[in-house]
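Below: the structure, in structure tokens.
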Amino acid sequence: MFAIASMNGIVIGVIYALSALGVSLVVGIMNVVNFAHGEFYILAGYFSYLFATALGMNLLAAMTLAVAIVFVFGLLVEYTLIRPTYGDDLYSLILTFILSIVLQNAYLLIFGPYPNKPPGWVRGATDIFGLFMYGNQRLAALVAGTCVIVFVFAMIKLTWFGRIIRATSQDRGMAELNGVNTTRLNMLSFGLGCALAAAAGVILAPVFPVTPTAGVPVALTAFVVVVLGGMGSLRGCIVGGLTLGLVENLGAAYLSTGYKHVFGFIILILVLAIRPSGLFGHKEA
Amino acid sequence: MLEVSNIDVYRGETQVLWDISLEVAAGERVAILGSNGAGKSSLMGAIAGILPPAGGKINFKGETISGRKAYEVTRFGIALVPEGRRVYKEMSVRENLEMGGYVSRKQRRIDQGMEQVFALFPVLRDRRHQAGGTLSGGEQQMLAIGRALMSRPELLLIDELSLGLAPRITKEIYQAISGLELETTVLLVEQNVEMALSHSQRAYIMESGRITRSGRSETLMADDDIRRAYLGL
Ligand SMILES: Nc1ncnc2c1ncn2[C@@H]1O[C@H](COP(=O)(O)OP(=O)(O)OP(=O)(O)O)[C@@H](O)[C@H]1O
Ligand SMILES: [Mg+2]
């Protein structure tokens with residue numbers, strides 16, 4: 001039981017981390033919390049379902065297209081809703097909250113309240129070290145999630161785009177003096193944050209089907225991970241995501257399934273009591 | 001090269017600069033002096049595009065730069081070493097310098113620029129893999145100047161070079177800057193009046209948001225009023 005609960009914890013932890021990366025990136029650069037993060041995740045799930053099931057597209061193409069569309073949608077949201085609120089973080093909070101409600105209702109109208117599930121990528125199960133049988137679809141989700149995370153970290157570490165993201169989140173004014181068009185960077189990073197939510201969405205939708213309101217717990221978890229790991233810290237997202245995934249699943253296995261999400265909050269409160277700025281956060285944040 | 005004509009600058013609702021005009025010719029070293037709150041940093045900010053002037057005009061090499069954003073002004077060939085240095089604390093010395101070269105983004109230019117900065121401040125080479133925040137104050141100032149030089153500016157603006165530094169370090173950095181090629185024009189703000197006057201050809205003196213005096217640095221250095229007010233002699 002320990003082995004399988006840990007495995008579940010790692011798989012879900014990686015997806016938590018991926019989803020939290022998108023939130024953390026936007027917090028670090030723009031100081032904006034995107035309340036509609038979960039709805040972007042769901043949107044990508046619906047798109048991949050539509051493209052693959054209704055249009056019969058190739059799975060990989062359907063997922064890529066879904067992420068790309070959500071990225072563009074994110075750019076538009078930044079341009080129309082977030083940009084006019086610069087300098088007043090409260091407005092963007094309220095606007096993205098309204099956006100999340102509007103999207104939930106739109107999903108309900110278009111897709112109905114029923115769960116929708118894009119086709120799985122793989123079938124069957126694999127024997128893990130003779131300990132237990134584990135669903136191949138979940139293993140594939142683990143691999144895909146890890147690949148996207150590695151890709152994001154490589155980009156942050158090695159490319160100009162990553163360098164200006166780090167510079168801007170450390171000192172926006174100085175980055176501007178170094179020639180960074182931070183207005184454009186805001187738009188791109190907001191789009192990227194949405195695309196990361198979308199990546200998590202298309203990876204997990206075959207395991208956990210999407211419903212109009214399924215994004216709410218996704219966003220809440222992402223916020224918990226971001227606070228746990230430290231506001232704006234990308235490494236913190238990975239450690240925070242895995243910690244939360246493991247704690248929830250081990251807690252559910254040994255203590256009680258009903259309190260799954262409570263365990264996460266207990267860990268959050270414990271960590272914040274010891275380190276108020278989160279695992280990798282800065283003192284002032 | 002740089003012409004500031006009659007600019008008025010506000011910070012929020014309050015006016016901080018009144019009708020400021022000054023000129024800097026190519027290759028010149030010019031100092032701006034003044035006590036705390038005189039508006040020196042605001043003037044630097046206005047030139048660099050951080051604080052757009054409400055009135056007046058700023059021209060650089062014949063083009064109007066007032067009203068442009070800071071990231072655009074940088075591309076004209078102006079680099080600011082800001083007050084308080086503002087190195088990227090969690091990025092390595094190398095990455096800090098690379099950020100200075102963001103305007104060109106050409107690897108070869110960046111490698112060359114970095115070699116020149118290392119030649120100017122050898123200690124930065126030894127520290128190149130260290131995070132900016134772990135450097136001493138003097139090293140951070142060298143890094144901030146090096147980062148500004150990475151964009152190969154024609155006009156280098158330096159705000160409060162000596163702030164919080166030991167006199168020996170200040171002197172060392174001033175010496176390094178004096179050795180810069182003559183194409184680099186320098187406009188520097190200083191509270192250390194003696195240091196500033198001995199490393200500049202001309203100077204302007206600011207008092208509560210206005211320029212009250214200007215002249216050749218030697219002349220000002222010998223002036224009794226100046227000596228009494230700023231040098232405590
Ligand atoms: N961020 C700000 N918001 C509002 N007013 C400011 C701000 N920064 C400075 N001021 C005010 O603007 C005026 C000019 O300040 P400025 O920083 O340009 O002076 P300075 O000559 O650089 O002073 P110092 O020697 O202390 O650096 C001062 O009256 C100051 O109180
Ligand atoms: Mg100042």
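Chain identifiers are assigned alphabetically (A, B, ...) following the order of the sequence lines, protein sequences preceding nucleic acid strands; residue numbering begins at 1 within each chain.
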If every non-hydrogen atom of A:G179 is compared with every non-hydrogen atom of B:V103, which pair is closest and at what distance?
CA-CG1, 4.4 Å
Are more than 12 heavy atoms from other residues, nucleotides or ligands located less than 6.0 Å from atom CZ of A:F161?
yes
Inspect the surroundings of OH in A:Y86 and state if more than 12 heavy atoms from other residues, nucleotides or ligands are less than 6.0 Å away.
yes
Point-to-point distance, once rounded to the nearest 0.5 Å, from CD of B:E98 to CG of A:N178:
12.0 Å
Neighbour count above 12 (heavy atom, 6.0 Å) for B:F76 CZ:
yes
Looking only at A:N181, A:D171, A:V180, most heavy-atom pairs under 4.5 Å shared with chain B are made by A:N181
Chain A contacts, top residue of B:M150, B:E95, B:E72, B:M91 (heavy-atom pairs, under 4.5 Å)
B:M91
Got more than 12 heavy atoms from elsewhere within 6.0 Å of OH, A:Y79?
no
So, do B:Y88 and A:R166 sit near enough that their side-chain heavy atoms are less than 4.5 Å apart?
no
Tell me if a side-chain donor or acceptor on B:Y71 pairs with a main-chain N or O of A:A175 at a distance below 3.5 Å.
no
Can a donor-acceptor pair be found, under 3.5 Å and without considering hydrogens, that links the side chain of A:Q170 to the backbone of B:K89?
yes
Any chance you could measure A:M174, atom CE, to B:I50, atom CD1, to the nearest 0.5 Å?
8.5 Å
Tell me, for B:R75 versus chain A, whether the close heavy atoms (under 4.5 Å) come from the side chain, the backbone, both or neither.
side chain
Heavy-atom closest contact (A:A167 atom, B:M99 atom, distance):
CB-CE, 3.6 Å
Roughly how far apart are B:E90 CD and A:S169 OG, rounded to 0.5 Å?
8.0 Å
